[in-house]
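Notes to accompany the following structure.
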There are 2 protein chains.
Amino acid sequence: MKDKYEVLKLENQLCFPLYVCSKEIVKRYKPFLDAIDLTYTQYIAMMVLWEHKEMNVKELGSYLFLDSGTLTPVLKKLEQKGYITRKRDSDDERVLHVAITEQGEALKDRAIEIPAQIGRCVQLELEDAQKLFEITYKLLGTFGEE
Amino acid sequence: MKDKYEVLKLENQLCFPLYVCSKEIVKRYKPFLDAIDLTYTQYIAMMVLWEHKEMNVKELGSYLFLDSGTLTPVLKKLEQKGYITRKRDSDDERVLHVAITEQGEALKDRAIEIPAQIGRCVQLELEDAQKLFEITYKLLGTFGEE
DNA sequence: GTAAATTAAATTGTATACAATAGATTGAAA
DNA sequence: TTTCAATCTATTGTATACAATTTAATTTAC
């Protein structure tokens, strides 16, 4: 008879390899991101702003699945570096607008090679990468609902 | 013509949904792990020790993809709680052996329902879960090589 | 029109992660 | 055997994450 504790073995967990893959890939970004003086969290925040130019903290958080507790210090750093501005909404002082600066815009050209560089670091066949992308996005879609 | 910055859009990244899925699932462990007073990192360390009873920090780190910088405080916490012991190897004082205690062993019975509870929280079809497991483990296998 | 509820950010506290370094011990090489 | 290199754990410093709370502003109820 099978050990009833089989379900508690690390190798039988689904979350664990996901957690490791996430960490390991993020780690591989480091040398490339160091070159443009960004952390991974700062990088994904910049990605949203490269695309949308302007956004408040709440919206940005819903894109990134991060709350203000995480974003506030990240955005202050990006402001210090001159890549974004932070300004309160004049109609609703609770809301803080984050907007990309020229300097932040310029950073885009220095970042453009990163996705391909990471692609070369991560040894995954195209088919697997596509499937992984598909499944994780499907899962991610279930998180908003509660 | 397609925007050359397309590759920098958040929605075109593979790492991002992986990173979000990992975080969101780990978050879902919290209420269940709170009930047995473990954090996620403590939980996966205990999983290895439930299975192997005894192990040094280096080995444990290679199972968990964590270094001593992360593990040292985690293991000290588990020792405080009485779930493990930490003892230097008498032949090689550099090595620290971690071993499960009776109390740690007993915790296994309180944890045994957690995998099924998480399974009910995560809305993923069996086929997708299997595929995700397969791909992430394949990827994880490429990390050791460098 | 004002009290109560809600909302958005920020703050606080705890727990990871990890790079880099340090400290101690052991192994290897000469 | 003694010096140098390698190994293992711990420490330090930085940056997340997130729960819980706080603060300030706005909205809703009445």
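In what follows, every chain begins at residue 1, and chains take the letters A, B, ... in the order their sequences are listed.
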Basic-acidic side-chain contact under 4.0 Å: B:K4, A:D109
yes

Counting the atoms with a prime plus P, OP1 and OP2 as sugar-phosphate, which does A:D91 contact under 4.0 Å by heavy atoms, base, sugar-phosphate, or nothing?
sugar-phosphate

With a cut-off of less than 4.0 Å, is there a side-chain N or O of B:K58 near OP1 or OP2 of D:dC8?
yes

Heavy atoms under 4.0 Å, any strand shown: does A:T70 hit a base, just sugar-phosphate, or nothing?
base

Is B:Y19 near enough to D:dA17 that one of its side-chain N or O atoms lies under 4.0 angstrom from OP1 or OP2?
yes

When you measure from the side chain of B:E93, which nucleotide among C:dT25, D:dA17, C:dA9 comes out closest?
C:dT25

Is any side-chain N or O of B:K30 closer than 4.0 Å to OP1 or OP2 of D:dA19?
no

For a quick check of understanding: with a heavy-atom distance under 4.0 Å over all strands, which category does B:L71 fall into, base, sugar-phosphate or nothing?
nothing

Do the ring planes of A:H52 and A:Y63 sit parallel (below 30°), tilted (30 to 60°) or perpendicular (above 60°)?
tilted

Looking at the base of C:dA15, is there any donor atom on it, or on the side chain of B:T39, that sits under 3.5 Å from an acceptor on the other one?
no

N/O (side chain, A:K27) to phosphate O (OP1/OP2, C:dA17) under 4.0 Å
no

I'd like to know if the side chain of A:D67 reaches the main chain of A:T70, judged simply by a donor and an acceptor atom lying under 3.5 Å from each other, with no hydrogens or angles considered.
yes

Side-chain N or O of B:R28 closer than 4.0 Å to phosphate OP1/OP2 of D:dC18
no

The side chain of B:L96 is closest to which nucleotide in this list: C:dC18, D:dA17, D:dA10?
D:dA10

Does A:T41 make a side-chain donor-acceptor contact with the base of D:dA15, cut-off 3.5 Å?
no

Going by distance alone, is a donor N or O of one side chain under 3.5 Å from an acceptor N or O of the other, for B:Q103 and B:K81?
no

Please report whether the ring centroid of B:F65 lies less than 6.0 Å from that of A:Y19.
no

B:K76 side chain near D:dT11 phosphate (N/O to OP1/OP2, under 4.0 Å)
yes

Answer yes or no: does a side-chain N or O of B:R94 lie under 4.0 Å from OP1 or OP2 of C:dA22?
no

Counting only side-chain nitrogens and oxygens, does A:R86 get under 4.0 Å of the OP1 or OP2 atom of C:dA10?
yes

Of C:dC18, D:dT26, D:dT9, the nucleotide closest to the side chain of B:N56 is D:dT9

Rounded to the nearest Å, what distance is computed from the CG atom of residue A:D67 to the P atom of nucleotide D:dC18?
6 Å

Reading DNA chain C from 5' onward, which residue's closest nucleotide shows up sooner: A:E59 or B:F65?
A:E59

